[in-house]
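In what follows, residues are counted from 1 in the order of the sequence shown. These numbers come from a predicted model, not from an experiment.
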Amino acid sequence: MVQLALSLLFKNFIYPIGVGVFMLLFSTIIHEKKFSDFLIYTGGYKSLDNLIIENTVFERLDYSNIAAIFLFMAAVFICSLKRKVNKKLNLN
């Protein structure tokens, strides 16, 4: 969702790929920190840890990931509407 929102915002697909790769590498370094739950790219690492120890309780990470999904879905929707309106008005 993050890469889709960024690609619609920048009208380019290279920038979101770079951001995604950087955040993936950054999240491997920081996923053990206390407040890394707010970085949405650490969700995979923490989910794997929860599966290994069989923890099924919702934590702060789960709620922040759900909020991020809705936030970026709204951003994609708004960017798509903007592009559609600009295309109809030929305001490229």
Side chains of residues 21-28: which donor-acceptor partners sit under 3.5 Å, not counting sequence neighbours?
from, atom 1, to, atom 2, distance (Å)
Ser27, OG, Met23, O, 3.1
Ser27, OG, Leu24, O, 2.8
Thr28, OG1, Leu25, O, 2.5

Could you pull out all residues at least two apart from Lys33 that satisfy side-chain contact (heavy atoms from CB on, under 4.5 Å)?
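Lys33 satisfies side-chain contact (heavy atoms from CB on, under 4.5 Å) with Ile30, Ser36 once adjacent residues are dropped.
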My understanding is that only residues two or more places apart in sequence, or in another chain, count here; which of them pass side-chain contact (heavy atoms from CB on, under 4.5 Å) with Ala75?
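With sequence neighbours excluded, Ala75 shows a side-chain contact (heavy atoms from CB on, under 4.5 Å) to Ala5, given in chain and number order.
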May I ask whether [X] and [Y] are part of the same hydrophobic cluster, defined by side-chain heavy atoms of I, L, V, M, F, W, Y residues being less than 4.5 angstrom apart, directly or through others?
X	Y	value
Met73	Leu8	yes
Ile17	Val19	no
Phe72	Ile78	no

Leu6 CG to Ile14 CD1 distance, which is reported to the nearest 0.5 Å
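Reported to 0.5 Å precision, the distance equals 13.0 Å.
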For Glu32, what residues pass the side chain to side chain donor-acceptor pair (under 3.5 Å) criterion, not counting sequence neighbours?
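Testing Glu32 for side chain to side chain donor-acceptor pair (under 3.5 Å), a comparison that skips the adjacent residues, returns none.
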By ring-ring contact (aromatic ring centres under 6.0 Å, His included) - contacts of Tyr15 (at least two apart):
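Tyr15 satisfies ring-ring contact (aromatic ring centres under 6.0 Å, His included) with Phe10 once adjacent residues are dropped.
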Supply the members, apart from Leu81, of the Ile/Leu/Val/Met/Phe/Trp/Tyr cluster built from side-chain contacts under 4.5 Å; use none for a lone residue.
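Its cluster partners, ordered by chain and number, are Phe77.
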